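Not measured: the values here are computed from a predicted model.
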Amino acid sequence: MGIMDILNAAPTNVSRRGFLAGAGSLVLATSLPVRPARGQEASDAPAVQAFMELRADGTVLLKSPWIEGGQGVYTAMAQIVGEELDLSPEHFEVEIAPPGGPFGINGGFRITGGSASTRSSYTLMRRLGASARAMLIEAASAQLGIPAADLTTEPGVVVAPDGTRLGYGELASAAMDLPVPTDVPLRDPETFRYIKAPTPRIDVRAKSTGQASYAIDVTVDDMLLAAIRHAPRLGLAPDAVTNLSEIEAMRGVHSVHMLDGAVAVVANKFWQAQKALAAADITWTEGQAKWPMPADFSSARFRDTLAKASGEVTPVESNGDAASALDSAETVIEATYDAPFVVHGQLEPPSATARMNDDGTLDLWLPNQAPEQFVGRAAEVAGIDGSQVRLHSQILGGFFGRHFLYETANPFPQAIKLAQATGRPVKLIWSREEDFLRDAPRPLGLARFRAAVGPDGPTALNVEVVGEGPTGRWYNAPAGRDPSATEGISGKPYAIANTQIGQLYLQNPAVIGYWRSVGHSMHDFMYEGFLDEIAQAAGLDPFEMRLKMLENSPRHHTLLQRVGDLSGGWQPGPYAVDGVQRARGVAMASPFGSEAATIAEVSLDLGTVKVHNIWTAIDPGQIVNPAVIEAQVQSATALGVSQTLVEELVYENGEPTARNFDMYPILRPDQMPDVHVEIVESGAEMGGVGEPGLPTVGPAIVNAVAQLTGRRVRSLPLSKHDFG
């Protein structure tokens, strides 16, 4: 079954087949192939779980296929279903759906990432709500003896021509016996009540009052707590704990365990385990690892390796004849850009709770972005079948790609081993130091640019992106077909007659991972910075040159004009504000189905860059919640400014030099600029919103710095450059 079959699938009335029989609820799922959930084989319930349950009190329990991590997907799902159902989102309770069943709407699995959640399930969720509404109307028709065509709805009620009103809750029991209509019309967008409205987040109260439960909050009966210390370099293994008897005798300590590349202490309380680990005298020796870090590895040396790399360049994008145009051009400019490793630095440190049950099954509580994949890996670790794993996904206390299945960056395999060894449930928490040590950072990236420059701008462009992307590492995408390795350099909308973009694959010794906006987070900085260099070489204004290059792309041309208007009119500068010189830079990006354009305004303060304003116009095609979109752009801007100004993970001797935020600076509150957002709804196919606000921030800032200082920065972060 392909993705379009899934998105066009009709809902199924699970109530009619015995699910929650007698509960008085209308329960709808989707007619997708499903695998039996554990324990259902021996019951009368069907092997399918519900997307949506309309309860007798008129409220809805909606099981989201997507993991909530602060991006507002719970609210979006409630808005979409509520729109077609005609029920206010405030009457929805949303929780994370279990693995498998009808929830693997990407073809049997799901990944919450790539800003894809809402756009990939928009039609499916609308159909779910519309089907439920039609069934409630049909139930009211039978009860009132009035044709269904004569009935309408208002939020939460079916209304008859004479004003009689029947609440959804009182109709749920009757509706549960009805067949699901096969072809239900969806609402005209002109009549939308909830979609496109700035609806308040439905999870705010629980989070702000401490009621929301994260993985680190999980409590299980008879649970032990564990702390861990990893080998300082990946590939080392514990040789011995020389003061083992002393550690085992410490207060609260249950046991000490030698794991793959780590030592764990299990205790009654986490602090007892952590204190015992701090006192442990551990010797390390060379061990086994899939990707051992070389003892002499450093990020600076690896950057030089990328810069000097040669070999076969796999084509990614080609137009015209770039090689000939470059050979015959009078003016050719070249530049090499790079961006560093950066950590995720999520607010909630990694944790996982594992319980091996008497019947051989495993219960696992953890944050994740890909439930079905985590089930499969957990089963391998525990030595059981996937059907014996119950995964309890938790809301995420931090997102940004941290919760994918990175082989050395997740605590749950260790938690499973500890639960098996102790015979009791174990919650393992990584300290901040262990998270920094074993995080899967965004890869250090580098690209080499050559351009032929004419009086109107670039006539030819050749780019070689050197390195490896996380999709190649974790999903075996080959060089040239790994979007994460080149996105932000490939896929740009500018009209250049001759282009050649390719990837020179070079494996990264570090265990790399996804980071917010993935390849766009660094590649748009590189491309848009070099584009400004082209404008300077041609003697052109960078904003006007971009407008000219977008004349045949109305969507992008309009967006660039809108961000110029949003900023009060494009003015590159330098110009004085309160006696201080400021300047502006501009950049564009096309991430995850959306389009973004940003103007940044900067000055210098004692030789360091200060960002005063960020203006961003974002076009996601179609929208669900403008308030969430603006919040996501604000959030992405903060992270974009942070990585541009100060963030860099440095490796020396195969180890990260930073083990906490004392050695890894992030954006301070006084460094946060004013952010101005305009949403442009072009009507194009719906794009993402969680990540597209980030990629344009860095290049806009760097281009503004060049305009202000005359210095072109090609290597981030800006904090390693002196502008004094």
Side-chain angles (χ1 to χ4, degrees), residues 214-219 223-287 289 293 295 343-354 366 397-398 402 408-419 421-422 424-441 511 649-665:
Y214 296 84
I216 203 169
D217 300 318
V218 168
T219 300
M223 181 178 73
L224 293 167
L225 281 295
I228 199 152
R229 189 196 300 178
H230 292 96
R233 175 170 53 83
L234 187 60
L236 295 178
D239 182 46
V241 179
T242 58
N243 59 342
L244 180 61
S245 58
E246 174 189 336
I247 300 305
E248 290 177 327
M250 292 181 70
R251 182 180 178 183
V253 170
H254 176 278
S255 50
V256 180
H257 302 266
M258 309 275 270
L259 300 176
D260 184 14
V263 172
V265 173
V266 180
N268 294 325
K269 298 180 180 180
F270 176 72
W271 179 242
Q272 293 170 335
Q274 187 77 337
K275 186 177 180 180
L277 263 182
D281 184 6
I282 306 171
T283 59
W284 306 94
T285 186
E286 292 294 334
M293 284 289 278
V343 301
H344 292 94
Q346 57 182 6
L347 182 63
E348 178 191 14
S351 66
T353 302
L366 76 162
R402 177 63 181 89
T408 59
N410 291 296
F412 76 91
Q414 299 163 337
I416 293 171
K417 293 296 185 184
L418 294 174
T422 61
R424 290 174 61 182
V426 174
K427 176 160 72 174
L428 171 64
I429 302 173
W430 284 10
S431 67
R432 183 71 66 192
E433 288 77 13
E434 297 307 311
D435 184 23
F436 266 72
L437 183 62
R438 283 294 180 267
D439 189 15
V511 177
L649 182 66
V650 175
Y651 283 90
E652 293 285 356
N653 302 317
E655 304 173 21
T657 59
R659 296 290 299 276
N660 209 320
F661 290 112
D662 57 341
M663 294 292 289
Y664 185 89

task: For Ala415 and Ala352, work out which heavy atoms get closest and say how close.
output: CB-O, 3.8 Å
Where at least one partner belongs to residues 226-243, residue pairs that pass salt bridge (charged side-chain N to carboxylate O under 4.0 Å, His left out), sequence neighbours excluded: Arg233-Glu286
- request: Taking the side chain as every heavy atom from C-beta outward, state whether Lys275 and Met250 have any atom pair closer than 4.5 Å.
  value: yes
- line: Taken to the nearest 0.5 Å, the spacing of Trp430 CH2 from Leu437 CG works out to 8.5 Å
Salt-bridge criterion met for Asp435 and Arg402 (N-O under 4.0 Å): yes
task: Provide the closest heavy-atom pair for Ala419 versus Ala354 in the form atom of the first, atom of the second, distance.
output: CB-O, 3.6 Å
query: Within the distance-only criterion (no hydrogens, no angle test), does the side chain of Lys427 pair as donor or acceptor with the backbone N or O of Met223 below 3.5 angstrom?
result: no
- request: Taking all non-hydrogen atoms of both residues into account, name the closest pair between Ala276 and Ile247 and its distance.
  value: O-CD1, 3.5 Å
field: Gap separating the CG atom of Asp281 from the CG atom of Asn243, nearest 0.5 angstrom
entry: 5.5 Å
- request: Using modelled atom types only, decide if a donor and an acceptor are shared between the side chain of Thr283 and the backbone of Ala240 within a distance under 3.5 Å.
  value: yes
query: Roughly how far, to the nearest 0.5 Å, is OG1 of Thr353 from CD1 of Ile416?
result: 11.5 Å
message: Using only atom types and a distance under 3.5 Å, with no angle test, would you say the side chain of Glu434 pairs donor to acceptor with the backbone of His230?
response: yes
- prompt: So does Asp217 have more than 12 non-hydrogen atoms from other groups sitting under 6.0 Å from CG?
  reply: yes
task: Using a 4.5 Å cut-off on heavy atoms from C-beta on, say whether the side chain of Tyr651 contacts that of Met293.
output: yes
task: Using atom types as modelled and distance alone, determine if a side-chain donor or acceptor of Tyr664 lies under 3.5 Å from a backbone N or O of Val343.
output: yes
statement: In this structure, CG of Leu428 is separated from CG of Leu366 (nearest 0.5 Å) by 11.5 Å
message: Please check: side-chain N/O of Asn660 versus main-chain N/O of Arg432, any donor-acceptor pairing under 3.5 Å?
response: no
Among Ile228, Val256, Leu418, Val241, the one residue meeting side-chain contact (heavy atoms from CB on, under 4.5 Å) with Val265: Val256
task: For the residue pair Ser351 and Phe270, establish whether any side-chain heavy-atom pair is separated by less than 4.5 Å.
output: no
- prompt: Are Val263 and Met258 side-chain neighbours, meaning at least one heavy-atom pair lies under 4.5 Å?
  reply: yes
- line: Smallest heavy-atom separation, Ala227 atom then Gln274 atom, equals CB-OE1, 3.2 Å
query: Where do Ala262 and Gln414 come nearest, in terms of heavy atoms and distance?
result: CB-NE2, 4.3 Å
- request: Supply the atom-to-atom distance Leu224 CG to Arg424 CZ, rounded to the nearest 0.5 angstrom.
  value: 3.5 Å
Ser255 versus His257, closest heavy-atom pair with distance: OG-NE2, 2.6 Å
query: Side chain of Lys269, backbone of Leu225: donor and acceptor closer than 3.5 Å?
result: no
- request: Carefully, step by step, assess Arg438 and Leu234 under the rule side-chain contact (heavy atoms from CB on, under 4.5 Å).
  value: CA-CA 8 Å; Arg438 283 294 180 267; Leu234 187 60; 3.8 Å; yes
